[in-house]
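Start at 1 and go down the list; that is how both ligands and their atoms are numbered.
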Amino acid sequence: MIITIRLILLLVFLSLSTNTSQIVYAKGNNNNNVKEACSVTRYQNLCIHTLAQFSNTAGRTPSKWARAGVSVTISEVKNVQAYLTKLKKNGKMKGRNRVALSDCIETFGYAVDELHKSLGVLRKLSKNTFSTQMGDLNTWISAALTNEDTCLDGFEGKTEKKIKLLQNKVKNVSYITSNALALVNKLASTGLEFIGN
Ligand SMILES: *[C@@H]1O[C@H](CO)[C@@H](O)[C@H](O)[C@H]1NC(C)=O
């Protein structure tokens, strides 16, 4: 009887420990996927933070990471755009700041358009037009980055608290955009054989 119980306990222990090590192993793998994907980016911690949710689905496929990077960028740009629009509506920004804010809202609108076009291309990558597609993506995502920088230019040298906050948000989204561009460039350099993997 005692022996049977011991045996059962031993079996339970063994099955638990196998499960645990499998879970840890799987987690380790997922983390490695996002870390490896983000290793080509300039703001790696931010990359890992924003893209970890895609570790399972994107695996080790550059086209999927590029798409994830651009989708996340679109939602982050839209968040900042909504924040800017709210700032303008509440009417606290005056004079030159108000003009700069209106310009920002405009340039963010262009950035959203460029990123949407980019996502459209990433959704239908094709062997025949791959290099044109990569060229378009580079052009549009770089343009989105330029638009974000143009927004920042309007507030250069300002130190008021609410403008600092705005600058931080815009800078942050430009880092996320820069990461997306790096993921697209990675796709461009790994090339065709990875499409659809
Ligand atoms: C930058 O963006 C990430 C992702 O949305 C967010 O977690 C972080 O708080 C942001 N940082 C700033 C300074 O806005």
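In this structure, Phe54 and Trp65 have perpendicular ring planes: the angle between them is above 60°, well past the 30° mark.
Remark: Lys158 NZ is packed, more than 12 non-hydrogen atoms of other residues, nucleotides or ligands lying under 6.0 Å away. By the neighbour-count criterion of 12 heavy atoms within 6.0 Å, atom OH of Tyr83 is densely surrounded, having more than that number from other residues, nucleotides or ligands.
Below 4.0 Å from some heavy atom of Thr50 lie the following atoms of ligand 1, by number and element: 4 (C). Against a heavy-atom cut-off of under 4.0 Å, Asn172 is close to the following atoms of ligand 1: 1 (C), 2 (O), 3 (C), 8 (C), 10 (C), 11 (N), 12 (C), 14 (O). Interface atoms of ligand 1 facing His49, defined by a heavy-atom separation under 4.0 Å, are 7 (O).
Phe155 pairs by the ring pair (Phe, Tyr, Trp, His ring centres under 6.0 Å) definition with nothing, not counting sequence neighbours.
In this structure, atom 11 (N) of ligand 1 has protein heavy atoms in its sub-4.0 angstrom surroundings.
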